[in-house]
J.: 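Structure provided below as structure tokens; questions to follow.
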Protein chains: 2
Amino acid sequence: MKSLSIKDIAVKANVSITTVSFIINGKAKEKSISEAVIEKVKKIIEESGYKPNQIARSLRTGNSNIIGLIIEDISNSFFSRIARLIEDKAYKKGYKIIYSSTENSVEKAKELINMFKSRKVDAYIISPIKGIEEDIKMLIDDGNPVILFDRNLPDVNTSYVGADHFNASHQSIQSFIDQGKKNIALVTTDINVEQIVERYEGYKKALEDNGIKYDESLVLKIHFNQEESETIEQIKVLLENKKVDAVLFATNYLAISGLKVLKKINKKIGDDFAVIAYDDHEAFELHTPGISTVQQPLEEIAENVIKLILKQLSSKTKIENQQVIIPARLIIRD
Amino acid sequence: MKSLSIKDIAVKANVSITTVSFIINGKAKEKSISEAVIEKVKKIIEESGYKPNQIARSLRTGNSNIIGLIIEDISNSFFSRIARLIEDKAYKKGYKIIYSSTENSVEKAKELINMFKSRKVDAYIISPIKGIEEDIKMLIDDGNPVILFDRNLPDVNTSYVGADHFNASHQSIQSFIDQGKKNIALVTTDINVEQIVERYEGYKKALEDNGIKYDESLVLKIHFNQEESETIEQIKVLLENKKVDAVLFATNYLAISGLKVLKKINKKIGDDFAVIAYDDHEAFELHTPGISTVQQPLEEIAENVIKLILKQLSSKTKIENQQVIIPARLIIRD
DNA sequence: ACATTAAAGTAAAACGTTTTACTAATTCAA
DNA sequence: TTGAATTAGTAAAACGTTTTACTTTAATGT
């Protein structure tokens with residue numbers, strides 16, 4: 001069954017297409033369409049269940065009311081929660097979200113940007129990876145609203161919203177040291193993104209500030225795309241062979257792998273062994289004992305992202321870039 | 001900066017728009033365009049970075065290469081994992097996904113369907129709720145490929161993919177009984193969807209099969225949209241006031257709330273108190289002791305969904321409906 | 001009574017593609 | 001050598017909107 005077009009409505013109402021269009025878009029008054037005609041047309045639209053074809057509308061107006069969201073992986077709870085919040089807030093303003101996961105592949109990220117571009121999304125929200133700076137710059141140069149979150153790209157000149165990773169990490173390590181820990185390990189990933197680097201820098205700086213020598217063998221950089229079993233093996237080696245009394249995991253999925261190792265080798269968290277995970281996860285609260293975590297302020301991040309995007313969308317001129325850095329909270333459990 | 005159109009390419013190459021279009025769509029040979037022209041045009045396209053405007057393309061061809069995915073909540077790990085798998089597989093076939101969460105609101109679900117309709121998505125993948133049967137039927141009548149998953153709507157006549165909730169639930173209760181449990185509680189939700197009802201039926205049937213009397217006061221139906229704190233309170237009341245020696249939680253988030261209660265009232269899982277959660281979650285594996293769960297075969301569900309959708313998309317005629325029921329696995333931990 | 005202005009509405013172009021039906025030039029068969 | 005078939009390509013319509021510039025009629029001011 002072919003769906004109705006504005007023409008069908010016009011014919012039924014015995015008015016022109018233009019008139020119907022004006023009514024649909026609330027310009028009837030301003031374009032001096034009589035109350036009687038407005039009523040008649042509205043009634044017909046109502047009864048027939050006509051919905052304007054957004055594709056045609058987009059083609060004509062040049063905007064799609066769609067915001068593209070590019071993230072690393074929607075199945076990661078950090079991103080799925082952010083996505084949900086962003087979707088929610090965008091929805092209320094009449095925008096839809098198309099999301100896609102890059103899986104940390106530069107290739108896929110570029111493809112996604114192209115895809116969004118050819119779909120004429122109105123704005124881009126991107127948790128970027130190194131290697132797509134040029135593509136993002138092109139978007140910006142073409143006048144598209146672009147906002148980065150979670151990870152920044154220092155040489156891309158646009159707004160950014162994210163947590164204060166350096167301080168969160170520094171604080172975490174400081175709390176270990178305050179507990180008297182000396183051999184503090186860091187389990188992180190090898191992807192070269194700012195937020196991960198900052199966590200690493202925070203770790204180093206905190207050691208330095210406390211006069212503890214940095215020991216490279218206590219830093220484990222896990223390859224991003226590898227199987228979890230391999231990750232578990234590597235963490236196991238670290239914990240068994242080094243005398244480590246505290247570990248900071250730089251992402252929640254690494255912490256989960258780490259906890260699996262602890263369970264396996266039956267190493268208990270307690271007075272002589274402490275753990276902090278970056279990014280909260282339900283598993284951490286339930287764990288016995290509770291796992292301390294660095295909580296990113298999801299709600300605030302989402303809010304700022306959407307606020308900035310909407311602001312840019314409703315402004316004719318390019319608004320000034322903003323860097324919103326939100327403190328993360330260290331939650332000490334048990 | 002205006003983006004390039006096919007016309008710009010045509011002008012640059014000094015050929016007609018038609019020719020460029022044929023080349024872009026791989027119909028050059030068939031339409032007898034010379035090798036030389038093909039090369040020239042391809043080169044120009046390459047150099048200029050031209051990408052066809054998908055909106056215009058969609059308007060003309062009537063399809064968008066977008067599949068709409070309607071789920072309950074993207075931040076629930078069951079859905080976010082399924083979404084990721086579906087996205088992945090769809091992407092490989094050149095389809096994009098637009099998802100949106102209904103939050104179990106009939107209103108929002110209807111709105112989403114309308115939105116997708118006006119966006120002319122090529123197909124619908126829906127984890128439905130009661131109350132939108134008519135809307136879905138209309139989609140089907142209009143010739144749209146529609147596939148339901150996770151939850152079925154008995155009186156909607158279309159394909160469905162989901163786990164065998166009745167048997168999974170039955171099996172779980174049977175395993176409690178085999179362990180000698182007598183006072184088995186069920187914590188479930190009050191949303192009236194088939195998959196939840198089936199879990200309830202499986203519970204009842206298993207009790208009956210074993211000659212255990214059904215006790216309504218052991219079934220706790222949690223209101224869907226309430227605050228977690230209230231849920232926790234209700235579960236707490238159940239566990240403290242009834243002598244219960246086993247609990248089946250009908251969803252993973254209920255189980256998580258339940259575990260929080262256990263931690264709070266310091267009730268241990270062990271020989272005299274057992275728990276099974278429906279839908280796995282990382283927290284369950286890590287929990288001490290491990291929480292037994294009913295694992296839904298995510299990969300298989302996603303695979304079947306996408307297979308059916310693609311089959312329907314590539315077929316001119318309506319293919320026969322299929323009901324794919326996949327067994328769930330009961331994972332006994334510790 | 002006449003020119004202006006306002007009211008009520010419409011025709012047609014434009015957005016960027018795809019596709020159908022066509023043309024012109026060349027090759028081929030008999 | 002002529003008509004048919006092939007090769008190489010193009011003009012223009014169509015998809016369903018929005019929007020600009022226009023027309024026609026009625027009301028108003030002087």
J.: Taking the inter-plane angle between the rings of B/Phe149 and B/Phe79 on a 0 to 90° scale, is it parallel (under 30°), tilted (30 to 60°) or perpendicular (over 60°)?
T.: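 Ring orientation of B/Phe149 relative to B/Phe79: perpendicular.
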J.: Within this structure, what is the CG-CD distance for the pair A/Asp88 and A/Glu303, rounded to the nearest 0.5 Å?
T.: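 Rounded to the nearest 0.5 Å, the CG-CD separation comes out at 11.0 Å.
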J.: If the plane angle is over 60° it's perpendicular, under 30° parallel, otherwise tilted; pick one for A/Tyr99 and B/Tyr99.
T.: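 Because their plane-to-plane angle is over 60°, the rings of A/Tyr99 and B/Tyr99 count as perpendicular.
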J.: Go nucleotide by nucleotide along DNA chain D from the 5' end; which of B/Arg60 and B/Val15 gets its closest nucleotide reached first?
T.: B/Val15
J.: Just by distance, no angles: are the side chains of A/Lys108 and A/Ser100 close enough, under 3.5 Å, to form a donor-acceptor pair?
T.: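 Per modelled atom types, A/Lys108 and A/Ser100 side chains form no pair under 3.5 Å.
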J.: What's B/Lys27 touching, base or sugar-phosphate or nothing? Going by heavy atoms closer than 4.0 Å.
T.: sugar-phosphate
J.: Mind checking if B/Thr19 touches a base, just sugar-phosphate, or nothing, with heavy atoms under 4.0 Å?
T.: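 Here B/Thr19 touches the bases of the nucleic acid.
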J.: Send over the distance from A/Arg57 CZ to C/dT17 P, rounded to a whole Å.
T.: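 These atoms are roughly 22 Å apart.
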J.: Less than 4.0 angstrom between a side-chain N/O of A/Asn25 and OP1 or OP2 of D/dT18, yes or no?
T.: yes
J.: Look at all strands and tell whether A/Ser34 reaches a base, only sugar-phosphate, or nothing, counting heavy atoms closer than 4.0 Å.
T.: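 Sugar-phosphate: the residue A/Ser34, judged by heavy atoms under 4.0 Å, touches backbone atoms but no base.
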J.: Which nucleotide sits closest to the side chain of B/Ser16: D/dT17, D/dT10, C/dT18?
T.: D/dT10
J.: For a quick check of understanding: with a heavy-atom distance under 4.0 Å over all strands, which category does B/Thr18 fall into, base, sugar-phosphate or nothing?
T.: base
J.: If I take atom CG in residue A/Asn63 and atom C1' in nucleotide C/dA14, what distance separates them, rounded to the nearest angstrom?
T.: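 These atoms are roughly 15 Å apart.
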J.: Whole Å only: how far is the CZ atom of B/Phe22 from the P atom of C/dT17?
T.: 15 Å
J.: Any sub-3.5 Å donor-acceptor pair from A/Asn321's side-chain atoms to A/Asn157's backbone N or O?
T.: yes
J.: Using whole Å, report how far CD1 of A/Ile9 lies from C1' of C/dT10.
T.: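 Atom CD1 in A/Ile9 sits about 18 Å away from atom C1' in C/dT10.
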J.: Can you identify which nucleotide, out of C/dT17, C/dT20, D/dT18, has its nearest atom closest to the B/Asn53 side chain?
T.: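 The closest nucleotide is C/dT17.
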J.: Just checking A/Ser5: base, sugar-phosphate only, or nothing, at a heavy-atom cut-off of under 4.0 Å?
T.: sugar-phosphate
J.: I need the CD-C1' distance between A/Gln54 and D/dG16, as an integer number of Å.
T.: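 After rounding, the gap between these two atoms is 11 Å.
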J.: Under 4.0 Å, heavy atoms only, any strand: does A/Ile55 hit a base, just the sugar-phosphate, or nothing?
T.: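 Touches nothing.
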J.: Tell me: CD of A/Glu30 to C1' of D/dT18, nearest whole Å?
T.: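 It works out to 13 Å between those atoms.
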J.: Between D/dG16 atom P and B/Arg119 atom CZ, what is the distance in whole Å?
T.: 17 Å
J.: Which of these nucleotides, C/dT19, D/dT19, D/dG9, is closest to any side-chain atom of B/Val37?
T.: D/dG9
J.: Is the phosphate of C/dG16 approached by B/Tyr50 (side-chain N or O, under 4.0 Å from OP1 or OP2)?
T.: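 Checking C/dG16 against B/Tyr50, no side-chain N or O comes under 4.0 Å of OP1 or OP2.
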J.: Checking A/Lys40 side chain against A/Ala13 main chain: does a donor-acceptor pair fall under 3.5 Å?
T.: yes
J.: Look at the side chain of B/Ser32 against the base of D/dA8 and say whether a donor-acceptor pair falls under 3.5 Å; ignore hydrogens and angles.
T.: yes
J.: Rounded to the nearest angstrom, tell me the gap between atom NZ in A/Lys51 and atom P in D/dG16.
T.: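 Computing the A/Lys51:NZ to D/dG16:P distance gives 18 Å.
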